[in-house]
Amino acid sequence: MLAYVTGAAGFLGSHLCDRLLREGWAVAGIDNLVTGDARNLDAARRTGRFTLVEADVSLPWTWRDRLPGELSAPRLVLHFASPASPIDYGRLPLETLAVNALGTMHAVALARETGCRLVLASTSECYGDPLEHPQRETYWGNVNPIGLRACYDEAKRYAEAYLTSAVRATGIDGRIVRIFNTYGPRMRLDDGRVIPAFCGAALRGEPLTVFGDGAQTRSFCYVDDLVEGIYRLATLPGLAGRIVNVGNPGEFTVTELAGLVSALLGVPLRIERRPLPPDDPTRRRPDITLARDLLGWEPRVPLDQGLPPTIASFRERLPPA
Ligand SMILES: NC(=O)c1ccc[n+]([C@@H]2O[C@H](COP(=O)([O-])OP(=O)(O)OC[C@H]3O[C@@H](n4cnc5c(N)ncnc54)[C@H](O)[C@@H]3O)[C@@H](O)[C@H]2O)c1
């Protein structure tokens, strides 16, 4: 059984490759390394069943012609390529729009050609700054279409529209996972998201930067839990056209997170306040009823158990002072 994983060298893509390989799949990872790191794939390569294809999935997928025959027809495609953190998509807005529009179109074309199943990585950002709380899959969202986050939020909403239209119009087996904030080993320290930002600052002995009053909440899902949910969505039968939230409903304020990170690192809590950036959502929390019903899934790892291995991975990556 062969799977393609786009964005394989990234945080989530590399963990998904590891999981597929553990389950006996052969995997071809496609990545242009624009935000990823090939070192994330060291364990995958050691299996002997992993191939890295360096290519931009926004361009036509001509790289398939160069692959040996046994790597040309996947049973499953996980389309995870996309800059994902505000710092990355702020730096790469047009590339972000392209990979979610054109990259998704190429993935759909492959699903039509080969009959493979396709899972699209979408995001809780589709809900924008939500007016409904917690967010169910039926909520349409409250998104600024021209704001600083639009290149990501609207790109994902387009990708969702394209995939669901393709399922209806062509009968492909496409599925969508709306991922809520996820953390764990292999996150980049400099990606600007709140957990790496807090851990990096605390490890360097610097104050933790809190935007606004710190009362805004986030829910954080440990990567192993997320991968389990995605693996179930990708492999269970009868879920074509389904869109499922996967995330941890445990809600923490940013100030609570700062306290927890400092306590786990054994450093005094020092906070530096900055103004809230535009369009920063104030509350975000998944309703995971559908994931429970369809996938028999719920998260198992609480934040205080997921943070220590995450911090250990940041320690390994911290540049020497
Ligand atoms: N991490 C989260 O909390 C989170 C939350 C919601 C959604 N997601 C989605 O999950 C996916 C993976 O996110 P991540 O956190 O692992 O990000 P990441 O930046 O670590 O990984 C993305 C990978 O995609 C690759 N990539 C980007 N554009 C590409 C292109 N045009 N062609 C080929 N490769 C390309 C990058 O090099 C990188 O390896 C993204 O689609 C993201 O939108 C992530």
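For the numbers below, each heavy atom of this structure counts, side chains included, while hydrogens, waters and symmetry mates do not. Quick caveat: nothing in here was measured; it's all calculated off a predicted structure. Ligands are counted one by one from 1 in listed order, and the atoms in each one are counted from 1 as well.
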Tell me the side chain to side chain donor-acceptor pair (under 3.5 Å) pairs involving residues 47-58, sequence neighbours left out?
-> Asp56-Ser58

Please work out whether the ring planes of Phe220 and Tyr183 are parallel, tilted or perpendicular, with thresholds of 30° and 60°.
-> perpendicular

Protein neighbours of ligand 1 with a heavy atom under 4.0 Å, given by chain and number, are Gly7, Ala9, Gly10, Phe11, Leu12, Asp31, Asn32, Leu33, Val34, Thr35, Gly36, Ala55, Asp56, Val57, Ser58, Phe80, Ala81, Ser82, Pro83, Ala84, Val99, Ala121, Ser122, Thr123, Tyr152, Lys156, Ile179, Asn181, Thr182, Arg193

Residues clustering with Leu276 (ILVMFWY side chains joined when closer than 4.5 Å, directly or via others) | Phe211

Do the side chain of Asn142 and the main chain of Gly128 share a donor and acceptor less than 3.5 angstrom apart?
-> no

Would you check if the side chain of Arg64 reaches a backbone N or O of Ser72 as a donor-acceptor pair within less than 3.5 Å?
-> yes

Members sharing Val167's hydrophobic cluster, built from side-chain contacts under 4.5 Å between Ile, Leu, Val, Met, Phe, Trp and Tyr, are Leu2, Tyr4, Ile30, Val53, Val57, Trp61, Trp63, Leu67, Leu71, Val77, Val99, Leu102, Met105, Val108, Leu110, Leu118, Leu120, Tyr158, Tyr162, Leu163, Ile172, Ile176, Ile243

